[in-house]
Amino acid sequence: MRTLVINAGSSSVKFSVFDTASNVQIFKSELQRLESVEKAVEGIPALLEAAGITTLDAIGHRVAHGGSQLMDACVISDDVVAAVEDCISLAPLHNPPALAGISVARKNWPDVPQVAVFDTAFHQTIPERASTYAVPESWRNLGLRRYGFHGTSHKYVMLRVAEELGTPAAELRIISCHLGNGASVCAIERGVSVDTSMGMTALEGLVMGSRSGDVDPGMFAFLSRTLGLSPEEVELELYKNSGLAALSGAGNDMRDIEQRAGEGDKKAQLAISVYAYRARKYIAAYAGVMGGVDVIAFTGGIGENSVSMRKRICERFDYLGLIFDEDLNSAVKLTDSEAPQIQQKNSRVKVIVTQTREQWMIAQETSRVVRAAAMPPRHYPPIPVAVSAHHVHLTKETVEALFGKGYELKIHKSLTQKGQWAAEETVDVIGPRGEIKSVRILGPYRSANQIEVAETEAFHLGVDAPLRQSGQTQNTPVITLRGPAGTLQTDGIIVASRHIHTNPTDAAKFGFKDGDMVEVEVRNGARDLVFRDVLIRVNPEYTTEMHIDTDEANAAHIKHGGLGALIPVSTHVAQITSCPHGSNTDGSCKLAPVASAA
Ligand code: AMP
C-alpha cells in the first residue's frame, strides 16, 4: 500500500511516502519556514509527481491531540475533523497546523482514504490514578487530565525493542525515553502505556529544548504578582524560552551545550545536570510504578546520539539491576533501524538505543486502519457471556499448606471449559484492609497461585491488584490465604482481563486468531455496553465463551450470563511483533457508534 504520511507543524511540514507492503520508504522531504501550512501541503502533489509518484493508496496525518474521544487512529470524516477541532484548546500550537494539512489534503486527494494518527492514542490505556490531576471536579469535567504525547514514537520503540529481544511486548516492562527537542518518558507495562511524563499538554515532564517541563503551578500566581505577567505570557515563556535554552543561555542544541560544558561553562553544566537528573527521576519513578523494569530504551536526537547523556542518566541504577557498559555505549552509531544493547552481560535490565521512526509508524497505522475499513461487513453469531465471580487457582503445595499434608481437592462440579472444575473447598482471601470469605477454588492444580478478584474487591482487600491476563502473575501483590489447616502468604492476585475462550473451528467462523483483540456489544436495554480490548484465546479444548468479572457484569446489567455480539478489531502491525492496540474493524473512528453484529 503506497502511503503518504504528512506531519504538518507550524514551522515545517514533513512528508514521506512508504510502500507499507514491502516496508520501503520511497520518498522523504521537509518544507521549512512556511508561508503557510496550506501552501506547503498544496505543493506536495507537484513534488511527488516530479519524483515519479503519481498514485497513492492512503494518506496518514500526524495529529497531536485526540482528546478523550479519539482513542485510536481512524479514517478521517467530517465528524473526526470536528472532534480534532474540539481539541484545539488542549493543543493550540499543534492541532491547527494538522487540521490545515488535513483540509488541503482532503481537497487534493478526494478519493484517497485519509487517516488521522494521534500522538495521544497510545496513552489511552493509562489508568485513572495516573491520568487524574487532583484538581476540582468541574475542571476535570472540562477534559483536564493527563493525555500524554509522543505516543507514536513510544509505540514504535516498544515494538522495536520487543522485536530486537525476541520477547513479546506483553512480557516486558519498558521505560521508553524519547529525548529530542521535545522529550518524554513512557512506562510501558506488558504492551500498554501505564504512565507518561507529558500531561494535558506537551509542557509537563522532562526538561526539553525550550520547554520547562515540570514546574510548581504556584509560580503562575507568583509571576503575576511580582512581574505582572498574564497566564498566556507565562505559558509562552515556559514553551519557548525555558528548558535547555534558558538554563544554558546558549541555545537548545545539546551538542553545543555539551561542548561548552566540557570547556568549563557553568551554565551549560547546570543545564546538563538538571536535564539528566529529571530523566533519572522519571525512570526511577516508573520502575516503581511497574514494580521493576526490564528495558530502558533511548530514542530522539539526544537519546540516539549523546553518549554522555545516556551514561549520566543510567548511572547508579544498579539497585534496579542495571549494569551499564561504557564501551558499548560509546560504540553506538545508528545509521538505520539498528537497536544495539549497551548493558553488560550480567545486567538484568537491558538498555537499548534506537532511532525513532514516527513517520514509518504512522504509515503502518494508516495502512492498518485502511485495510480494516476495506473489510466487508460481517455478521457473526452471538457469543455466550459468562460472569466469572472471584475465585482462586492454587498449586498442590498451597492446597496442602491450607488443608493439610496429602489433602486432595474434591470436585464439586465441572465447568464449561473442558477439564476445569469447581472444587468443594473454599479459602478466605485476606488483604491488609479487608477480607473475602469462602472464595471457591477452581481445579486442576496450577504451577503458580492465581487469585482473581474484581477491582472493587481489590479495594475492599486493600491491595492494588493489576489488570492481567490469566497466567501473568509476576510482580503482583502479596495477600494471605486462609484454609482450615493454616494460612499462607502468596503473590498472584489479579483483576483478570476480559477474554473469549474459543476453539479453532469457531475462531475460523469469526475470522479470529489467537491474540486478536475484539469488541463485544452487550444489549440489555437500559445498560447497553460495548466492551473493548477483549482478548481472543484459541485452544482446541475450549468452548466458545466470553468471561467478564462481576464489576463488568454489573456495569452491563448482566446477572448470571447473557449474549454478546462480536466486533473484531485488527491488532497486528505488519512486519513487527503484535501490538495490543486496535481500531474499530471498519476503520471508523471511536466516535462512531459501533455496528451491531446481531
Ligand atoms: P529531535 O527533536 O529528535 O530531532 O532531537 C533534536 C535534539 O537532538 C537537538 O537538541 C540536538 O541537540 C540533539 N542532538 C542531535 N545530535 C546530537 C549529538 N550528536 N549529541 C548530542 N545531542 C544531539
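As the structure lists them, so they are numbered: ligands from 1, and atoms in each ligand from 1.
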Among all protein heavy atoms, pick the one closest to [atom] and tell me residue, atom and distance.
atom	value
atom 13 (C) of ligand 1	I302 CG1, 3.6 Å
atom 11 (C) of ligand 1	D253 OD1, 3.5 Å
atom 10 (O) of ligand 1	N252 O, 3.4 Å
atom 19 (N) of ligand 1	N305 CB, 3.3 Å

For this session: Report yes if some heavy atom in the side chain of V115 is under 4.5 Å from a heavy atom in the side chain of H61; otherwise report no.
Result: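 No; the side chains remain at least 4.5 Å from each other.
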
For this session: Find out whether Y275 and M208 are in side-chain contact, i.e. whether some heavy atom of one side chain is under 4.5 Å from a heavy atom of the other.
Result: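 When only atoms from C-beta onward are counted, M208 and Y275 do not touch, as no gap falls below 4.5 Å.
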
Looking only at distances, can you tell me whether any N or O atom of [X], backbone or side chain, sits closer than 3.5 Å to an N or O atom of ligand 1?
X	value
G301	yes
N181	yes
M254	yes

Problem set entry | Carboxylate-amine/guanidinium contact R146 E204, below 4.0 Å | yes

Problem set entry | Intermediate values then yes/no, side-chain hydrogen bond (donor to acceptor under 3.5 Å, both in side chains), H178 and S153 | CA-CA 7 Å; H178 178 118; S153 173; 2.8 Å; yes

Exercise. Is the closest protein non-hydrogen atom to atom 22 (N) of ligand 1 under 4.0 Å?
Worked result: yes

Seminar exercise, completed: Of H178, M309, R255, the one whose closest heavy atom lies nearest atom 20 (N) of ligand 1 is R255

More than 12 heavy atoms from other groups under 6.0 Å of [atom1] on [X]:
X	atom1	result
F222	CZ	no
E263	CD	yes
E35	CD	no

Using a strict 4.0 Å cut-off to heavy atoms of [X], name the atoms of ligand 1 that fall inside it.
X	answer
G180	1 (P), 2 (O), 3 (O), 5 (O)
G300	3 (O)
S306	21 (C)

Exercise. For the ring pair H65 and F149, is the centre-to-centre distance below 6.0 Å?
Worked result: yes

